[in-house]
Amino acid sequence: MKYDYKKVEAKWQKIWDEEKTFHAEIDHSKPKFYGLVEFPYPSAAGLHVGHPRSYTAMDTICRKKRLEGYNVLYPMGWDAFGLPTENFAMKNHIHPEIVTKNNVARFKSQLKSLGLSFDWDREINTTDPKYYKWTQWIFLQLYKHGLAYKKETNVNYCTGCKVVLANEEVVNGVCERCGSPVVHKVKSQWMLKITEYANKLIDGLEGLDYIERVATQQKNWIGRSYGAEVNFGTTTGDTLTVYTTRCDTLFGATYMVVSPEHKLVDEWIAQGKLKNVAEVQAYREAAARKSDFERTELNKEKTGVQLDGVMGINPVNEQEIPIFISDYVLATYGTGAIMAVPAHDTRDWEFAKKFGLPIIEVVQGKDPSNLEKEAFTDVATGTLVNSGFITGLSVKDAQAKMIAWLEESGKGCAKVNYKLRDWVFSRQRYWGEPIPMVYCEKCGWQPLPEDQLPLVLPDITDFEPGENGESPLARHTDWVNTTCPCCGGPAKRETDTMPQWAGSSWYFLRYMDPHNDKELASKEALEYWSPVDWYNGGMEHTTLHLLYSRFWHKFLYDIGVVTTPEPYAKRTSHGMILGLNPHSFVNLPENEQKALVEEYGSEEAAKKHLVEKYGEMADHPVVKMSKSLGNVVNPDDVVDEYGADTMRLYEMFIGDFEKAAPWNTSSIKGCKRFLDRIWALGDKIVDGEGYRPQLVALFHRTIKKVGEDIESLKANTAIAQLMTLVNALYDNGGATRDELRTLLILMNPLAPHITEEMWEQAGFEGQIAHTQWPVYEEAKCVESTVEIAVLVNGKVRARFNVDANIEAADAIAQAKAQEAVAAAIAGKTIAKEIYVPGKLVNLAVKG
RNA sequence: GCCGCUGUGGCGGAACAGGCAGACGCAAGGGACUUAAAAUCCCUCGGUGGCAACACCGUACCGGUUCGAUCCCGGUCAGCGGCACCA
């Protein structure tokens with residue numbers, strides 16, 4: 001009988017739903033396992049084939065863990081606030097709440113059609129006031145602990161859309177959507193002091209099971225560097241403090257640079273100390289006007305203006321050196337001022353060359369004359385020269401001695417700096433959590449009392465941002481006008497909302513206790529389920545979502561709300577699912593390829609033509625799926641044509657889980673065939689108990705390999721092993737009931753519907769979901785006889801079968817007795833004999 | 001520029017921890033069944049030479065260590081990702 005996947009899959013999905021098969025409750029008698037995948041943003045486009053890669057992998061792990069006796073929490077929800085929904089709402093004149101509701105319904109039915117074992121009783125939605133009440137509550141705690149503050153900052157303002165954009169919406173200095181130039185505007189914004197946690201966020205990575213590229217990317221993003229602050233004097237009697245990681249080169253400082261925004265420049269202008277005020281002001285204005293695009297331009301020529309009238313004084317030798325302003329020094333890092341050592345810093349070297357400044361060598365490399373060509377920056381090999389009391393030391397020793405001297409003399413101190421900036425937390429948008437703050441002329445900013453949470457979004461219909469990029473909420477004065485929680489006088493609500501990252505920064509906590517209206521989650525639930533045992537998600541979330549949520553969690557830990565210092569014990573990441581580029585030469589149908597080659601003379605010319613026609617991307621046969629290329633694969637279509645189990649299997653079989661992989665429609669057929677072959681085994685039951693002797697080792701090996709591979713995100717090789725097993729069963733005329741039983745359990749985490757159906761039809765007890773994972777015996781994994789390859793000088797000359805437990809000497813003797821081997825070694829001296837148990841004999845011969 | 005990763009058949013990819021390279025699957029070619037197609041089943045499938053047994057070459061490239069290297073070491077080239085004037 002043919003396998004009717006539509007009927008069978010619908011049947012089991014209904015059973016799982018009705019019986020709440022995957023509902024999790026606290027149960028202290030079992031070990032717990034909390035598996036987490038990133039909850040999706042429910043976009044209007046619906047599910048993408050990329051989503052199920054992560055979901056299926058974790059589903060497979062969770063299903064296997066349940067069979068192994070774990071109490072598994074595998075939840076799902078919706079990260080539903082955000083710009084695309086709001087834009088869709090504006091364009092189509094539908095309230096974002098309705099848009100969200102529709103999109104969520106679509107996503108949910110799509111996910112259910114894949115048979116993912118989520119506990120739907122714990123479903124959450126970040127736009128639900130019952131949920132965002134606690135997002136707002138966490139913000140208030142941050143505020144009360146001095147970690148939320150309001151500050152004038154530069155924001156990105158799109159001149160076309162007349163709205164403020166988030167950093168992520170600015171691509172190459174222009175608006176992601178309309179392509180208009182983005183300029184900077186100063187706006188007062190809520191900020192979160194993530195920098196206060198910079199150290200903890202780096203050090204906390206120690207001892208966590210994060211894949212390395214995630215950990216290093218986070219470290220680089222936080223960008224901790226160890227150095228020193230050095231106080232330079234000036235001829236005006238001021239102190240100009242610089243930050244440097246190379247205090248060993250202090251004797252080589254030949255000038256100083258301050259950022260255009262540096263405060264001392266304002267003071268010197270005000271005090272009339274500068275002789276070239278006009279020139280300096282012009283440079284500062286030009287720098288301020290520069291767009292992001294100009295700032296990020298590669299190979300930019302260094303520019304700058306000397307501050308005429310002031311000189312810096314080097315504390316180590318009292319030498320007077322000039323001071324410049326230049327935009328290659330950033331106002332936001334370190335002290336916004338540097339000492340320049342052109343001999344040993346590439347940027348300083350370029351600047352010095354351009355402005356004709358002296359270059360003094362203080363760290364000697366192999367070839368001092370090379371300093372005319374480039375700076376010498378190698379820290380590992382240099383020795384200090386021309387450097388007073390540190391001459392002759394290695395760089396490392398010189399730094400230690402210099403810091404000691406600076407601290408002793410009060411001219412500086414050791415200092416740690418970070419690249420990480422505070423988190424801009426305001427968005428001038430409607431579809432986000434309202435920031436629960438009130439402004440009173442008399443009392444200043446006041447937090448909303450906690451008993452007034454949630455502060456619900458007003459029901460409005462005009463979502464267009466105001467002129468000057470003000471939040472649409474600002475127009476709704478009946479909502480904006482309120483009373484001051486402090487003095488009771490008239491006050492105004494904050495009209496900015498939170499960024500999309502807010503709701504996702506703590507959602508994994510809510511899953512533990514999703515319906516609690518007293519606290520974000522009960523202590524009992526937090527203690528039982530924390531931490532998340534395994535969190536899988538995209539690499540694109542490494543530096544924002546993952547870091548933000550670790551920050552919030554660490555804060556909640558510090559104030560005693562949560563019970564573990566880190567939210568996620570383990571973090572892995574999947575590669576993207578890509579599509580074939582229909583414009584790439586190699587993906588064209590053969591006849592079109594031929595036609596093009598004929599038309600343009602050669603394959604090269606044809607490819608060149610395609611690049612001219614479609615842009616550089618035509619050179620890449622595999623690209624991101626996109627609507628414009630028409631290579632988007634809809635999971636619904638795949639489920640409809642092949643079934644959910646085939647879809648799941650293909651998602652797992654497609655390739656190395658951590659790497660990007662192209663979706664290949666014809667490869668899906670292989671997975672479908674495999675399931676059909678398993679289905680047909682149901683009619684090929686042979687007599688016999690347990691595993692037949694010739695299959696014992698294969699079964700034990702398969703149980704071992706499938707278990708291990710699923711657990712290490714190598715389901716592709718687990719499936720390959722299961723295919724091998726099924727092929728072997730066919731070679732042996734079918735399966736015994738016990739063999740079928742084991743096969744079905746092993747396949748169940750990967751293909752749950754077909755296996756439950758076969759289980760039921762074969763008359764096995766209950767459901768696979770309630771049975772146990774099979775055990776293997778290491779001793780039974782090996783065959784009793786093995787094939788030994790005989791190599792002579794690394795070349796295979798013969799093979800023979802022997803008992804697996806053969807002694808080395810016997811194996812070597814038998815190897816030499818092989819006809820082809822005897823011929824190959826005849827008349828030669830054997831220099832060495834190696835026996836690798838159960839595998840090979842290698843004879844090294846001479847002469 | 002800095003940091004990280006990757007290079008294996010026509011394709012996706014295997015190969016424990018230095019031990020027979022190419023598991024498993026796709027595509028392709030040949031055959032069986034069929035009025036025919038689909039489906040299914042069988043065979044071939046890294047390259048070169050040979051009717052064949054077989055021989056030689058082969059894991060981006062050059063070199064090293066080793067009885068033995070896709071794997072370890074040194075160098076070169078190519079591709080991908082992240083950060084990007086962070087002092």
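Chain identifiers are assigned alphabetically (A, B, ...) following the order of the sequence lines, protein sequences preceding nucleic acid strands; residue numbering begins at 1 within each chain.
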Under the ring-ring contact (aromatic ring centres under 6.0 Å, His included) test, residues paired with A:W221 that sit two or more places apart: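 Once residues adjacent in sequence are excluded, A:W221 has no partner under the ring-ring contact (aromatic ring centres under 6.0 Å, His included) criterion.
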A:R224/A:Y226 under side chain to side chain donor-acceptor pair (under 3.5 Å): CA gap, chis, key distance, verdict: CA-CA 7 Å; A:R224 177 162 66 189; A:Y226 295 95; 3.3 Å; yes
Rounded to the nearest Å, what distance is computed from the [atom1] atom of residue [X] to the [atom2] atom of nucleotide [N]?
{"X": "A:I338", "N": "B:A87", "atom1": "CD1", "atom2": "C1'", "answer": "5 Å"}
{"X": "A:K419", "N": "B:C2", "atom1": "NZ", "atom2": "P", "answer": "13 Å"}
{"X": "A:K832", "N": "B:G19", "atom1": "NZ", "atom2": "C1'", "answer": "14 Å"}
{"X": "A:I834", "N": "B:C20", "atom1": "CD1", "atom2": "P", "answer": "14 Å"}
{"X": "A:K302", "N": "B:A87", "atom1": "NZ", "atom2": "P", "answer": "14 Å"}
{"X": "A:F674", "N": "B:C26", "atom1": "CZ", "atom2": "P", "answer": "11 Å"}
{"X": "A:R701", "N": "B:A23", "atom1": "CZ", "atom2": "C1'", "answer": "12 Å"}
{"X": "A:K672", "N": "B:C26", "atom1": "NZ", "atom2": "P", "answer": "14 Å"}

Hey, is the side chain of A:Y328 poking within less than 4.0 Å of OP1 or OP2 on B:A87, counting only N and O atoms? no
Using atom names, set out every protein N or O paired with an N or O of nucleotides 36-45 of chain B below 3.5 Å, distance rounded to 0.1 Å.
from: B:C41; atom 1: OP1; to: A:R677; atom 2: NH1; distance (Å): 2.9

Side chain of [X] (C-beta onward), nearest among [options]:
{"X": "A:L840", "options": "B:A87, B:G4, B:G19", "answer": "B:G19"}
{"X": "A:M723", "options": "B:C67, B:A27, B:G25", "answer": "B:G25"}
{"X": "A:R799", "options": "B:A27, B:C3, B:C20", "answer": "B:C20"}
{"X": "A:K839", "options": "B:C83, B:C24, B:G19", "answer": "B:G19"}
{"X": "A:T724", "options": "B:C67, B:C24, B:A87", "answer": "B:C24"}

Given that A:N220 and A:D348 both sit by RNA chain B, which one's nearest nucleotide is further toward the 5' end? A:N220
Return the CG to CG distance between A:L698 and A:L729, rounded to the nearest 0.5 Å. 7.5 Å
Aromatic A:Y642 / basic A:K672 pairing, under 6.0 angstrom, 45° off normal: no
Cation-pi, A:Y776 ring and A:R701 (6.0 angstrom, 45 degrees):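 Geometry flag: not set, cation outside 6.0 Å or 45°.
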What contact category does [X] fall into here, base, sugar-phosphate, or nothing, at under 4.0 angstrom with non-hydrogen atoms?
{"X": "A:S225", "result": "sugar-phosphate"}
{"X": "A:E787", "result": "base"}
{"X": "A:T216", "result": "nothing"}
{"X": "A:A844", "result": "sugar-phosphate"}
{"X": "A:V242", "result": "nothing"}

List the steps and the verdict of side chain to side chain donor-acceptor pair (under 3.5 Å) for A:S225 and A:N417. CA-CA 5 Å; A:S225 78; A:N417 257 319; 5.7 Å; no
Under 3.5 Å, N/O pairs linking protein and nucleotides 10-15 of chain B:
from: B:G12; atom 1: O2'; to: A:I654; atom 2: O; distance (Å): 2.4
from: B:A14; atom 1: OP1; to: A:N716; atom 2: ND2; distance (Å): 3.4

For A:K714, I'd like to know if atom NZ has over 12 heavy atoms of other residues, nucleotides or ligands within 6.0 Å. no
